[in-house]
Amino acid sequence: MKLTAAVITMSDKGSRGERADASGPAMCAMLAAEGWEVVHTAVIPDDMETIKTELIKCADELGVCLVATTGGTGFSVRDVTPEATKAVIERECPGIPEAMRAESMRITPRGCLSREAAGIRGGTLIVNCPGSEKAARECLGAVLPALKHGVEILRGEAGECAAPVNK
């Protein structure tokens, strides 16, 4: 199975060209290093309808296996990525953000303030990561080893039980 991914950055300043996106390219590099082909990237504003439209496009039109987002998971009034994600998914995957927050809490007590969400839309897994490059790397790194197997199950390429992954 070909592992395809989209990486979407939610950033008002980034979408206006006022700030360079560091977290999106970092996540693309991490995915590529693990054998994922990143077939689509975008930097979009922190806007509920824009985010929902982009997630639906990636899942329904592009049919990617994984949509990894960065940004919009904090407490700011414009941070609506989890709400947009929950509005378009069919099933939640709570263990993914739980694992990311657990990893973040090992690094900083502020890790509990991140509001990531994850879920399934059709044959696509959508995973929210924080907006800073450092936090995005840490959170994606915490779950990346499991995502391939999750997508394989989702796409009917593997069963629920598999040999344990050695770290």
Side-chain angles (χ1 to χ4, degrees), residues 3-34 36-59 62 64-89 92-121 124-148 150-151:
L3 296 171
T4 57
V7 175
I8 311 303
T9 300
M10 283 38 139
S11 170
D12 287 333
K13 289 181 180 179
S15 69
R16 294 189 303 257
E18 297 171 4
R19 177 186 297 158
D21 176 25
S23 54
M27 291 171 59
C28 288
M30 290 176 70
L31 288 164
E34 294 296 320
W36 295 81
E37 181 183 353
V38 179
V39 298
H40 177 72
T41 62
V43 179
I44 62 174
D46 291 293
D47 172 74
M48 177 74 80
E49 293 307 314
T50 304
I51 296 168
K52 287 173 21 181
T53 299
E54 187 70 19
L55 295 175
I56 291 168
K57 176 179 105 175
C58 291
L62 300 178
V64 296
C65 298
L66 172 69
V67 178
T69 74
T70 177
T73 63
F75 279 24
S76 169
V77 70
R78 296 283 293 164
D79 289 336
V80 296
T81 302
E83 289 75 21
T85 299
K86 289 177 182 180
V88 303
I89 61 173
E92 286 193 61
C93 302
I96 294 170
E98 287 169 5
M100 292 191 297
R101 280 187 285 275
E103 177 63 18
S104 292
M105 287 295 296
R106 288 179 355 91
I107 298 162
T108 174
R110 294 180 182 171
C112 65
L113 300 178
S114 195
R115 303 182 315 105
E116 299 96 350
I120 296 166
R121 179 180 178 90
T124 300
L125 176 61
I126 301 171
V127 177
N128 302 154
C129 293
S132 81
E133 179 184 355
K134 180 180 182 297
R137 284 180 183 275
E138 291 165 356
C139 287
L140 183 60
V143 298
L144 191 52
L147 297 184
K148 178 183 177 195
V151 166

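The model shown is predicted, which means the values in this text are computed figures rather than measured ones.
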**Item:** Side chain R19, main chain S11, donor-acceptor under 3.5 Å
**Value:** no

**Request:** Supply the atom-to-atom distance L140 CG to E34 CD, rounded to the nearest 0.5 angstrom.
**Result:** 9.0 Å

**Prompt:** Where do G72 and D46 come nearest, in terms of heavy atoms and distance?
**Reply:** CA-OD1, 3.8 Å

**Item:** Considering all heavy atoms, the nearest R101-C112 contact
**Value:** CD-O, 4.5 Å

**Request:** Rounded to the nearest 0.5 Å, what's the gap from OG1 on T70 to CE on M10? Could you check?
**Result:** 8.5 Å

**Prompt:** Do the charged groups of K57 and E54 touch, with an N to O distance under 4.0 Å?
**Reply:** yes

**Asked** What distance separates S104 OG from L113 CG, expressed to the nearest 0.5 Å?
**Response** 10.0 Å

**Prompt:** Are the side chain of R115 and the backbone N or O of F75 linked by a donor-acceptor pair below 3.5 Å?
**Reply:** no

**Pairwise side-chain contact, L31 with L144, heavy-atom cut-off 4.5 Å (strictly under)** = yes

**Message:** Which heavy atom of E92 sits nearest to which heavy atom of I89, and what is that distance?
**Reply:** CG-CD1, 3.6 Å

**Message:** Under a 3.5 Å distance rule, please check whether T4 uses its side chain to pair with a backbone N or O of C65 as donor and acceptor.
**Reply:** yes

**Item:** Under 3.5 Å: donor-acceptor pair, side chain of T124, backbone of L66
**Value:** no

**Prompt:** Is the backbone of G131 close enough, under 3.5 Å, to the side chain of S23 for a donor and an acceptor to pair up by distance?
**Reply:** yes

**Asked** Counting only heavy atoms not in R16, do more than 12 fall under 6.0 Å of its CZ?
**Response** yes

**Message:** side chain to side chain contact (heavy atoms under 4.5 Å, CB included), that's the test. Do V88 and I126 meet it? Break it down for me.
**Reply:** CA-CA 10 Å; V88 303; I126 301 171; 4.2 Å; yes

**Request:** May I have the step-by-step check of side chain to side chain contact (heavy atoms under 4.5 Å, CB included) for V151 and W36, ending in yes or no?
**Result:** CA-CA 11 Å; V151 166; W36 295 81; 3.9 Å; yes

**Asked** Does a donor on one side chain and an acceptor on the other come within less than 3.5 Å for N128 and T81?
**Response** no

**Message:** Quick check: closest heavy atoms across I44 and I8, and the distance to 0.1 Å?
**Reply:** CD1-CG2, 3.8 Å

**Asked** Once you round to the nearest 0.5 Å, how far does CZ of R110 lie from CE of M105?
**Response** 12.0 Å

**Request:** Give, for atom CD1 of I120 and atom CG of L125, the distance between the pair rounded to the nearest 0.5 Å.
**Result:** 6.5 Å

**Request:** Determine, step by step, whether E116 and C139 satisfy the side chain to side chain contact (heavy atoms under 4.5 Å, CB included) criterion, reporting the C-alpha distance in whole Å, the side-chain angles of both residues, the deciding distance to 0.1 Å, and the verdict.
**Result:** CA-CA 10 Å; E116 299 96 350; C139 287; 3.8 Å; yes

**Asked** Charged N to carboxylate O under 4.0 angstrom, D12 versus R78?
**Response** yes

**Request:** Report the C-alpha separation of L55 and T69 in whole Å, then their side-chain angles, then the decisive distance to 0.1 Å, and conclude whether the side chain to side chain contact (heavy atoms under 4.5 Å, CB included) test is met.
**Result:** CA-CA 9 Å; L55 295 175; T69 74; 3.9 Å; yes

**Request:** Determine the minimum heavy-atom distance between P45 and T50, stating which atoms define it.
**Result:** CD-CG2, 4.0 Å

**Request:** Just jot down the side chain to side chain donor-acceptor pair (under 3.5 Å) partners of K13, sequence neighbours excluded, or say none.
**Result:** none

**Asked** Of all heavy-atom pairs between P130 and T73, which one has the smallest distance, and what is that distance?
**Response** CA-OG1, 3.5 Å

**Message:** Testing I56, T85, V67 one by one against R121 for a side chain to side chain contact (heavy atoms under 4.5 Å, CB included), which residue passes?
**Reply:** I56

**Request:** Hey, could you give me the CD/CE distance between E103 and M100, rounded to the nearest 0.5 Å?
**Result:** 11.0 Å

